[in-house]
Amino acid sequence: MHHTVLDAAFVQDPYPLYARLRREAPVSRAVTATGLSVWLVTRYEDARAALADPRLSKDARRIREVLEIRGGVRVLDESIIEHMLNSDQPDHTRLRRLVGKAFTARRVEALRPRIEEISAGLLDGINPDSEIDLLTAYAFPLPITVICALLGIPDADHDAFRSWSNTIVTNSEPEEFERAQSGLVAYLVQLIDRKRREPGEDMLSALVAARDDGDQLSERELLAMVFLLLVAGHETTVNLIANGVLALLRHPDQMARLRADLGLLPSAVEEFLRYESPVNMATFRVTAEPVRIGEVEIPAEEVVLVSLGSANRDGDRYGDPDQLVIDRGLGGHLAFGHGIHYCLGAPLARLEAEIAFRDLLTRFGRIELAPGRELRWRDSQLMRGLVELPVRLTPA
Ligand code: HEM
């Protein structure tokens, strides 16, 4: 069996390889750019089944062991690794229930005016008729500011918070990464302490109260949970916005349709998620026992990557999968995962994206790619996101 290498060319355009694998070797061995040997699942039906299979474990200890033994992957500090996305049942059920109490539909909807205000403020700061990087000016700051609002992080701390989290989610130097990680952990410990003494209306205060109300959540789990909310909700949403704008720029007919009927926004957002899935390969899972996926028997203790980006372009599931069609209808895609780890922040991400696209399209009568610039994708095994998105904006 040949080993596919997920190299730099793959990062720039994974779709041709995905298409070939779906056809020829839908569950196959691959080696990541850092040398980690994995199994890659590329078809929609297999991906969906794998995501819901409890034999594919996300347990932090198991993942740490496998990744450290095989090397090449940076594992986060012990103090912040034990969160719901790195746990199996029954821990997962307990952790998710606790945060579910704090992350209600009402709390998300209550954020709407605040998100609109943040979006408007960022767009006011853009000088139209000039070339700008939409990523730095808008797609990046919007979600991080929203998370700060959700968690109740004081305005004065936003910049420090943003810089740590940016260093952690990008491929930074090991020393720089360590410094940002310990800075952020120390900050969160102190913030939790402050919320305990002076609780507010925010979600972090609600989580602290949930922790203190009976012993269902350890202090360590609380810290890890806050860390997870921060990283899971940031770069993903940045990429949804920027990838969606790029998809529209590359499909002018779809841009025109959306401009003509903003009622299509909810289904357009689902199509952006399908077409250029921000979490392109999902996170790691480890087989707790031998597991058969499709035609392939995967032994125990192997790393499995379920490719959401590939599943969402599977021609057996979607007609014309490589075309952006903004009114395909809602749902069905795997961009938010599936099963017990289905994205907890999906309603918030959808709300942010709808506000972002509505604001961009109503403020700017024309959005064009800046000419003569080559677009680069970030060097990441998991995420699909642009390094920058240089555009020209013309006010409406
Ligand atoms: C889980 C994608 C935004 C919080 C997940 C998973 C995916 C995902 C694919 C499952 C990973 C797996 O099963 O391995 C996305 C995308 C987003 C987004 C594409 C934006 C477009 C957010 C936001 C938040 C958030 C805004 C919160 C502020 C979480 C949490 C989990 C999760 C807590 C873990 C759930 C669990 O383990 O039960 N997300 N996410 N996400 N996401 Fe999101």
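Each ligand, and each atom within it, is numbered from 1 in the order the structure gives. Along the sequence shown, residues are numbered consecutively beginning with 1.
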Exercise. Once the angle between the rings of His234 and Phe140 is folded into 0 to 90°, is it parallel (under 30°), tilted (30 to 60°) or perpendicular (over 60°)?
Worked result: perpendicular
Exercise. Under 4.0 Å from any heavy atom of Leu85, which atoms of ligand 1 are there?
Worked result: 11 (C), 12 (C), 14 (O), 34 (C), 37 (O)
For this session: Could you see which bit of Leu228 sits under 4.0 Å from ligand 1, with heavy atoms only: side chain, backbone, both or neither?
Result: side chain
For this session: Flag the pair Leu56 / Leu51 as yes when at least one side-chain heavy-atom distance between them is below 4.5 Å, and no otherwise.
Result: no
For this session: Indicate whether any N or O donor in one side chain lies under 3.5 Å from an N or O acceptor in the other, for Ser277 and Arg384.
Result: no
Exercise. When Glu109 is tested against each of Arg106, Arg112, Arg107 for salt bridge (Lys or Arg N to Asp or Glu O under 4.0 Å), which residue passes?
Worked result: Arg112
Seminar exercise, completed: Any heavy atom of His92 under 4.0 Å from ligand 1? The part involved is side chain
For this session: Report, in ascending order of atom number, the atoms of ligand 1 lying under 4.0 Å from any heavy atom of Leu308.
Result: 9 (C)
For this session: Please check if any side-chain donor atom of Glu276 sits under 3.5 Å from a side-chain acceptor atom of Tyr15, or the reverse.
Result: yes
For this session: May I ask you to check whether Thr237 has an N/O atom sitting below 3.5 Å from an N/O atom of ligand 1?
Result: no
For this session: Number the atoms of ligand 1 from 1 as they appear, then name those within less than 4.0 Å of a heavy atom of Leu240, with their elements.
Result: 21 (C)
Exercise. Do Glu352 and ligand 1 have an N or O pair less than 3.5 Å apart?
Worked result: no
Exercise. Going from CZ on Arg62 to CD on Glu301, what distance comes out if it is rounded to the nearest 0.5 angstrom?
Worked result: 6.0 Å
Exercise. Honestly, is Arg313 close enough over Tyr18, meaning NZ or CZ under 6.0 Å from the six-membered ring centre and within 45° of the axis?
Worked result: no
Exercise. Out of curiosity, is Arg350 lining ligand 1, as in a heavy atom under 4.0 Å away?
Worked result: no
Exercise. Given that the side chain starts at C-beta and the backbone is N, CA, C, O, which of these parts of Ala335 lies under 4.0 Å from ligand 1, counting heavy atoms, or is it both or neither?
Worked result: backbone
For this session: Tell me which one of Phe103, Phe336, Phe284 gets a heavy atom nearest to atom 6 (C) of ligand 1.
Result: Phe336
Exercise. Does some non-hydrogen atom of Arg285 fall short of 4.0 Å from ligand 1?
Worked result: yes
Exercise. Using heavy atoms and a threshold below 4.0 Å, how should the contact between His341 and ligand 1 be classified: side chain, backbone, both, or neither?
Worked result: both
